[in-house]
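Comments concern the structure below.
Below, each value reflects all heavy atoms present in this structure, side chains not excepted, and no hydrogens, waters or symmetry copies. These figures come from a predicted structure and were not determined experimentally.
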Amino acid sequence: MSATSLREGRSDPAAHSISLVLNGQPRQLDVLPWTTVLDLLREQLDLTGSKKGCDHGQCGACTVLLDGKRVNACLTLAVMLDGRDLTTIEGLANGDQLHPLQEAFVRHDAFQCGYCTPGQICSAVGLAREGRAQSRDEISELMSGNLCRCGAYNNILDAIEEALPATRGEGGA
Amino acid sequence: MNAHAQPDSSPLGRPLDRVDGPLKVTGQARYAGEFNEGGLLYGSVVSSTIARGRVLSIDGAAAEAVPGVQLVLTHLNRPRLAADDDSYEDMDSAEGSAIRPLFNDRVLYSGQPLALVVADNLEIARHAASLVTIEYAAEAHQTDLVAALDQAHAAPAELPEPRGDAEAALLGAALSIELEYALPIEHHNPMEPHASTVLYQDDGSLLIYDKTQGPQNSQQYVQHVFLLDKEKVRILAPFVGGAFGSGLRPQYQLPLAVMAALVLKRSVRVTLTRQQMFTFGYRPRMLQRLRLGCTANGTLQAITHDAFAQTSRFEDFTEHVVEWSGMLYHCDNVRLGYQMVPLDVFTPLDMRAPGATEGVFALECAMDELACAAAIDPLQLRLLNFADTNQNEGKPYSSKELRACYAQGAERFGWDRRSMEPRSMRDGHQLVGWGMATGVWEAMQNPASARAALAADGTLTVSSATTDIGTGTYTVMTQIAAAAMGLPVEQVEFKLGDSSLPTAPLQGGSFTVSSVGTAVQQACTALQGKLFEVAQRLPQSPFAGAVLEQVEFVDGQLRLRESPETALAIAEVLAASGPLEAQADAKPDEKRDKFATATHSAVFVEVKVDEALGSIQVSRVVSAIAAGRVVNPKMARNQILGGVVWGIGMALQEETQIDHNLGRYMNHSLAEYHIPVNADIHDIEVIFVEENDDVVNALGSKGVGEIGIVGVASAVANAIYHATGKRIRELPITLDKLL
Ligand code: FES
Ligand code: FES
């Protein structure tokens with residue numbers, strides 16, 4: 001489980017040096033031009049909360065917040081993070097204090113296996129910021145890029161509907 | 001909801017939040033492919049591009065030349081593997097010879113793993129894998145069930161003997177129908193792709209994080225296939241990102257990762273791509289022929305049900321497909337048949353409510369067609385032919401509150417406002433249809449063991465080698481243990497997902513609560529005995545003259561049932577004794593033998609079909625379930641919701657398509673293999689009817705993982721008929737079939 005000595009491409013001449021804010025912390029990283037944000041997080045930084053369900057932008061399990069906007073980490077290259085602000089599921093809670101959406105997901109049992117859950121929650125945080133979803137149907141439509149094979153959709157909607165006002169109140173992320 | 005009287009403080013029947021919830025919503029829950037270690041190597045699988053033939057040569061030179069590549073593993077340089085069929089058998093084996101990955105040059109299906117490229121990181125492995133070239137001697141293949149029907153053979157399955165004379169009864173029936181239904185291949189597609197992380201230990205032993213529904217199944221498999229000592233292999237699976245049956249057999253990423261680890265003496269991870277998630281088990285394509293005969297008033301007189309299912313050339317995969325037609329309704333003349341059609345494909349695999357999902361689909365659509373033919377309300381037809389006993393087995397049910405499911409489901413849905421005529425209800429430009437179906441699944445119990453240990457500080461740890469694939473096992477077992485010991489749930493921890501824990505069956509078939517839950521309960525009972533013994537021996541023990549039967553464990557205390565003020569805190573006993581533990585090996589009770597045991601459901605569905613476009617929306621579902629006692633209604637409801645979503649996917653979307661010229665899947669991605677998304681799912685209401693059962697197990701609980709899906713697709717199909725007047729007997733019902 002240790003993150004030590006995982007490669008960050010440091011010795012590779014192809015590596016690019018980038019600086020970003022990751023979950024609130026300034027970070028300097030050397031990344032290879034073909035590495036995706038998802039592989040950087042999961043394989044090099046040991047932040048495995050962002051999930052890989054397809055690696056093709058088809059499932060939403062890898063959803064993270066880039067400058068507050070929801071994006072598929074599997075379709076975003078790590079070099080594009082230079083000068084940006086990246087928030088993953090690991091950066092949502094405030095210490096032991098869960099984010100309102102995280103709390104709502106637990107209370108409404110908005111998951112089963114939990115594999116789509118980080119993506120669902122990050123996506124919902126992004127959704128709150130977009131300010132578009134006014135009704136349950138709209139939430140449902142705008143959350144349809146996040147697949148849940150366990151089929152917890154009704155509970156996911158209940159959780160988001162309940163936590164959206166609080167999430168909007170705190171500026172979304 | 002509680003079938004059995006429990007003290008008010010009992011956690012049984014409470015909608016407790018998932019105990020592993022906080023880990024899952026914060027991204028801290030780690031799945032098989034997420035255990036990192038310095039120096040970990042990554043494997044990328046090279047798959048066959050032909051469906052049948054031989055490998056003439058594999059050229060890995062270009063791959064090996066890529067800096068960072070450590071190994072190109074093929075059948076030519078693999079480590080020693082067992083050479084007998086028995087070693088490749090697992091707890092969910094099909095009849096035949098299981099596939100042996102990288103064993104020899106034979107290609108048995110398209111997508112078969114033929115090489116593994118191992119490198120320092122994922123990108124290098126993937127790139128180098130694309131450089132491997134394979135030369136084949138291809139042979140003619142067949143992947144089309146319909147084209148090969150003439151090669152069918154009887155399935156190696158024990159079917160109920162025919163009863164009565166179905167043929168004669170059909171001839172004599174006032175009304176008879178004959179129908180054929182077609183179901184496509186479906187893939188499980190759990191969100192987490194299959195992965196195995198093999199951590200190579202200094203002493204040469206293997207610590208393996210595997211995506212599995214049975215750590216001990218994977219453990220045995222690796223031990224036997226690689227001819228290793230038992231203590232050299234330990235499998236862990238703390239979290240499983242969905243499985244639905246796909247983890248019931250060891251999948252090939254496991255032996256491939258182990259091979260590489262053994263050759264290189266390094267830690268290796270192999271994670272399958274989403275495309276490769278289509279290269280092993282699946283729900284088989286199937287044709288089913290049914291004939292039903294009834295009297296003029298709708299009393300069933302004859303049923304014949306024949307299924308023709310595809311399988312591989314190396315294994316006969318069987319499931320309970322047609323049995324349901326001999327038990328769901330009362331009928332004295334029944335004949336059931338089941339045929340296998342071997343093709344150049346991988347072997348099918350149990351997938352959520354295997355067999356029942358397919359067989360009950362056909363039966364429940366046919367019942368709807370019979371109701372229409374006889375001009376009887378579909379629900380009335382079911383009630384008219386209600387089976388009080390299981391005629392396949394000639395046994396009464398231990399409990400069967402299906403009538404309550406019908407009544408409560410129909411009431412909640414408003415079924416009595418349904419008009420009989422198809423195309424008679426609408427909502428603007430949408431045709432509205434109401435359909436219903438019955439669901440059924442076995443309530444099984446398997447032997448299982450559990451250990452319960454009280455630490456000196458009074459915390460209870462209970463463990464068994466089962467898994468939680470999203471089913472809520474962590475939570476439900478915690479509740480069962482807390483209830484049994486009279487402790488608050490916060491003081492109880494349940495451990496699972498480790499092959500070194502007490503024996504558990506595969507997590508599947510809806511028998512985990514029944515099997516492992518019973519073991520947990522019995523382990524706690526054994527522990528109570530030990531506590532009581534110590535309590536009795538304490539100086540001035542209030543229990544000196546008592547026997548265990550007079551004692552109850554409530555609120556962290558032992559106390560006399562008759563005089564609750566005679567009590568002793570568990571903590572006090574532990575202070576004298578130190579930590580205590582007990583293990584139980586639970587078996588199904590013999591009293592089950594005299595009964596048939598099953599869960600039932602009644603599903604009511606509303607669809608809206610756009611008259612011009614043919615687009616279909618499932619706008620409302622009511623699913624009424626009889627599954628004995630529900631240990632955690634929050635989690636049980638979630639299981640049923642998931643099952644209903646699966647049923648909707650099956651009815652309207654899911655289909656893996658093969659290009660038979662190439663013998664290869666065409667839509668092996670989540671963009672083209674459609675599963676329901678959030679906007680496809682609307683109102684779903686779940687009802688658990690009260691069902692008391694003191695036969696199935698001491699908990700009175702039957703399990704809910706499968707029953708939620710059974711019947712749903714037929715209820716949708718029947719609703720679509722009611723909306724449009726069109727019978728589509730081939731799933732999925734896509735708009736092109738409706739227009
Ligand atoms: S992993 Fe990125 S969308 Fe599926
Ligand atoms: S909770 Fe399992 S995929 Fe959503």
Return the option, out of [options], with the maximum number of heavy-atom pairs under 4.5 Å with chain B.
options	answer
A/A61, A/C150, A/G91	A/C150
A/T48, A/T36, A/I89	A/T48
A/I121, A/N146, A/N154, A/T117	A/N154
A/P118, A/G114, A/C148	A/G114
A/R107, A/Q120, A/E103, A/E141	A/R107

Task: Backbone N/O of A/D109 and side chain of B/D17: donor-acceptor pair under 3.5 Å - done: no
Open item on the list: Which residues pass the ring pair (Phe, Tyr, Trp, His ring centres under 6.0 Å) test with A/Y115, not counting sequence neighbours?
Closed with: B/Y31
Heavy atoms only, distances under 4.5 angstrom: which of [options] has the most pairs with chain A? Name it, please.
options	answer
B/D20, B/V645, B/T26, B/L641	B/T26
B/Q275, B/R274, B/R352, B/E192	B/E192
B/A679, B/P22, B/P15, B/G27	B/A679
B/G642, B/P190, B/G649	B/G642
B/M277, B/Q28, B/H188	B/H188

- [ ] Apply the test side-chain contact (heavy atoms from CB on, under 4.5 Å) to residues A/D39 and B/E123: give CA-CA distance (whole Å), side-chain angles for both, the deciding distance (0.1 Å), then the verdict.
- [x] CA-CA 9 Å; A/D39 288 339; B/E123 288 100 339; 4.2 Å; yes
Task: Per-residue contacts, residues 51-58 of chain A versus chain B, heavy atoms under 4.5 Å - done: A/K51, A/K52, A/G53, A/C54, A/D55, A/H56, A/Q58
Rounded to the nearest 0.5 Å, what separation is found between the [atom1] atom of [X] and the [atom2] atom of [Y]?
X	Y	atom1	atom2	answer
B/R18	A/F111	CZ	CZ	6.0 Å
B/N121	A/L32	CG	CG	7.5 Å
A/H108	B/K634	NE2	NZ	8.0 Å
A/Y153	B/I684	OH	CD1	11.0 Å

- [ ] List the steps, then state whether side-chain hydrogen bond (donor to acceptor under 3.5 Å, both in side chains) holds for A/S144 with B/N678.
- [x] CA-CA 5 Å; A/S144 285; B/N678 204 313; 5.4 Å; no
Open item on the list: Taking side chain as everything from C-beta outward and backbone as N, CA, C, O, which of these in A/L142 sits under 4.5 Å from a heavy atom of chain B? Side chain, backbone, both or neither.
Closed with: neither
Task: Atom group of A/T35 that falls short of 4.5 Å from chain B, counting heavy atoms - done: both
Can you tell me which portion of [X] sits under 4.5 Å from chain A's heavy atoms? Options are side chain, backbone, both or neither.
X	result
B/T271	neither
B/Y474	neither
B/A671	both

If you take all heavy atoms of [X] and [Y], which pair is closest and at what distance?
X	Y	result
A/Q112	B/Q639	OE1-NE2, 3.2 Å
A/C113	B/V240	CB-O, 3.4 Å
A/R42	B/G33	NH2-O, 4.1 Å

Open item on the list: Set out, in order, the CA-CA distance, both residues' side-chain angles and the distance that settles side-chain contact (heavy atoms from CB on, under 4.5 Å) for B/Y42 and A/E43, then state yes or no.
Closed with: CA-CA 10 Å; B/Y42 294 78; A/E43 309 299 343; 2.7 Å; yes
Task: A/R149 with B/E654: basic N within carboxylate O range, under 4.0 Å - done: yes
TODO: Begin with the C-alpha distance, continue with both residues' side-chain angles, and end with the deciding distance and a verdict on side-chain contact (heavy atoms from CB on, under 4.5 Å) for B/V677 and A/L147.
DONE: CA-CA 6 Å; B/V677 303; A/L147 303 182; 3.3 Å; yes
Task: 4.5 Å side-chain heavy-atom contact, B/R637 and A/N155 - done: yes
